[in-house]
**Q** 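Structure incoming, see below.
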There are 2 protein chains.
Amino acid sequence: MHNCTTHDDCVADALQQAEEICAARELRFTELRRKVLELVWECHGPVKAYDLLEKLDHRIAAIKPPTVYRALDFLTENGLVHKISSLNAFVGCSHPLRHPECYFLICTECGEAEECCNSDIVSAVAKTAREKDFKAEQITLEISGRCRECQKVN
Amino acid sequence: MHNCTTHDDCVADALQQAEEICAARELRFTELRRKVLELVWECHGPVKAYDLLEKLDHRIAAIKPPTVYRALDFLTENGLVHKISSLNAFVGCSHPLRHPECYFLICTECGEAEECCNSDIVSAVAKTAREKDFKAEQITLEISGRCRECQKVN
DNA sequence: TGGGCGGATGTTATATTATAACGTGATCAT
DNA sequence: ATGATCACGTTATAATATAACATCCGCCCA
Ligand SMILES: [Zn+2]
Ligand SMILES: [Zn+2]
Ligand SMILES: [Zn+2]
Ligand SMILES: [Zn+2]
């Protein structure tokens, strides 16, 4: 969590934005979904479903796996959260309106996952897909390595 | 498996090439590793570890999960097989010498995973990483959608 | 108003994917 | 030959995810 001094604000902003998006799309931003999104953001980095489960357990009573997975499904389907397949983990989307050109720089040292948008990459992918007559629906782009801060340290 | 009329040749070529690579790098291409690679290639598409396990069971006696995972680890570490994280599946690398600029077009209809290399994408990724002072070590790029053939059908 | 519908959540059980830990056997260098 | 190392066998269990069915709750409308 390198560049996040006022992290409470991150969380609050994300929740606020989620609220607005759901209202605009007439989706139900239930208490549970809100709580899960809040927890995901509080972790401020890729978080595992079962870790969420455990944390929820302390706040709400006896949450079971399907419950948290359903909430995560809702959040990912609506672009509020991304799943990072290579980690089996979830992370809050930092710009749920500018989509789906999102990918991740994942630091193997500190666990930080920086979300990026880069139109060069997006268009390169789109071009290749077009050339192959492939109709792309979902793109998983995850780059793991070492972030700036962690390279300094060692 | 759209464009593969002489599939036995694919498998044979892949094994032959693996043999050579391992010899050149002084790696042990054991009977088990060979068998697993052969099976992966025979599937000619993303295949699950436990499916391999089951198939091996019919050929060799009573293989257990760690055994097949160890073989898959060896094969992926040495670029002979790729793991497709978004599917929890494995696929043979179709050009184990030209690496690591590999990514996949995965058809959700027929299951085919076409491996591609595209220098535009690779350089766009490298450029972004450089800009962020991120030292990229591994790239997971998986594009799912519908392939040419499957778009025709429906 | 109160019945019925649909979506969200609760609950139980189980499926799927992956690894830890430790023992045994093969291979290699000296 | 002997010890070191690597591959594989074996048992158990961890970690991730979903199926299937029950219940609840808000909402529409008869
Ligand atoms: Zn995003
Ligand atoms: Zn870092
Ligand atoms: Zn490859
Ligand atoms: Zn297809």
Side-chain angles (χ1 to χ4, degrees), chain A residues 18-19 22-23 25-40 43 46-78 80-91 108 111 140 142, chain B residues 18-19 22-23 25-40 43 46-78 80-91 108 111 140 142:
Chain A
E19 196 104 49
C22 289
R25 298 183 194 161
E26 299 195 315
L27 300 168
R28 289 207 230 163
F29 194 50
T30 64
E31 195 50 38
L32 176 69
R33 290 166 177 175
R34 179 190 186 80
K35 209 79 199 161
V36 170
L37 184 58
E38 185 180 3
L39 271 180
V40 168
C43 295
V47 58
K48 303 272 189 166
Y50 275 72
D51 291 342
L52 289 173
L53 194 58
E54 211 176 314
K55 292 186 187 185
L56 279 167
D57 243 13
H58 297 160
R59 307 193 180 197
I60 313 179
I63 298 289
K64 304 286 196 324
T67 302
V68 73
Y69 277 106
R70 280 191 291 233
L72 288 169
D73 284 349
F74 170 86
L75 295 169
T76 50
E77 273 163 18
N78 293 290
L80 300 168
V81 157
H82 294 295
K83 173 163 188 178
I84 300 186
S85 294
S86 59
L87 300 178
N88 292 323
F90 300 84
V91 66
T108 53
T140 301
E142 300 162 13
Chain B
E19 195 103 52
C22 290
R25 298 183 193 162
E26 300 196 315
L27 300 168
R28 290 206 228 161
F29 195 50
T30 64
E31 196 50 39
L32 176 68
R33 290 166 175 174
R34 180 191 184 81
K35 209 78 199 161
V36 170
L37 183 58
E38 184 179 4
L39 271 179
V40 168
C43 294
V47 58
K48 304 271 191 167
Y50 275 72
D51 291 342
L52 289 173
L53 195 58
E54 210 176 313
K55 291 186 186 181
L56 278 167
D57 243 12
H58 297 161
R59 306 194 180 194
I60 312 180
I63 297 289
K64 304 287 193 329
T67 301
V68 73
Y69 277 105
R70 280 191 290 233
L72 288 169
D73 284 348
F74 170 86
L75 295 169
T76 51
E77 273 163 19
N78 293 291
L80 300 167
V81 157
H82 294 294
K83 173 163 188 178
I84 300 185
S85 293
S86 60
L87 299 178
N88 292 322
F90 300 83
V91 65
T108 54
T140 302
E142 300 164 13

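Because the structure is predicted, anything quoted here is derived from the model rather than measured. Below, chain A is the first sequence line, B the second, and so on; all start at residue 1.
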**Q** Without decimals, in angstroms, what is the distance between B:E26 CD and D:dC6 C1'?
**A** 15 Å
**Q** Expressed in angstrom and rounded to an integer, what is the separation of B:E31 atom CD from D:dC8 atom C1'?
**A** 13 Å
**Q** Rounded to the nearest 0.5 Å, what's the gap from CD on B:E54 to CG on B:L39? Could you check?
**A** 11.5 Å
**Q** Let me know the distance between NZ of B:K35 and C1' of D:dA7, rounded to the nearest Å.
**A** 18 Å
**Q** Take the protein atom CG of A:L72 and the nucleotide atom C1' of C:dA8, then report the distance between them rounded to whole Å.
**A** 15 Å
**Q** Once you round it to whole Å, what is the distance between C1' of D:dC6 and CD of B:E77?
**A** 13 Å
**Q** Within a strict 4.5 Å, meaning less than it, do heavy atoms of the B:F29 and B:L37 side chains meet?
**A** yes
**Q** What integer distance in Å separates A:L32:CG from C:dT11:P?
**A** 13 Å
**Q** If the sugar-phosphate is the primed atoms plus P, OP1 and OP2 and the base is the rest, what is the B/S/- string for nucleotides 17-28 of chain C, using protein heavy atoms under 4.0 Å?
**A** BBBBB-----S-
**Q** Using every non-hydrogen atom in the two residues, find where B:H82 and B:T76 come nearest and quote the distance to one decimal.
**A** C-CG2, 4.3 Å
**Q** Take atom NZ of A:K64 and atom P of D:dT23, then tell me their distance rounded to the nearest Å.
**A** 15 Å
**Q** Round to a whole Å and report the spacing from CZ of B:F74 to P of D:dC6.
**A** 13 Å
**Q** Could you report the tightest heavy-atom contact between A:S85 and B:S86, atom names first, then the distance?
**A** OG-CA, 3.7 Å
**Q** With sequence neighbours left out, write down each residue that passes side-chain contact (heavy atoms from CB on, under 4.5 Å) with A:V47, or none if nothing qualifies.
**A** A:V40, A:C43, A:D51, A:L52
**Q** Does this structure show an ion pair linking A:R34 with A:E31, if we count only N-O contacts that are shorter than 4.0 Å?
**A** no
**Q** Between B:T67 and D:dT10, does any side-chain N or O lie under 4.0 Å from OP1 or OP2?
**A** no
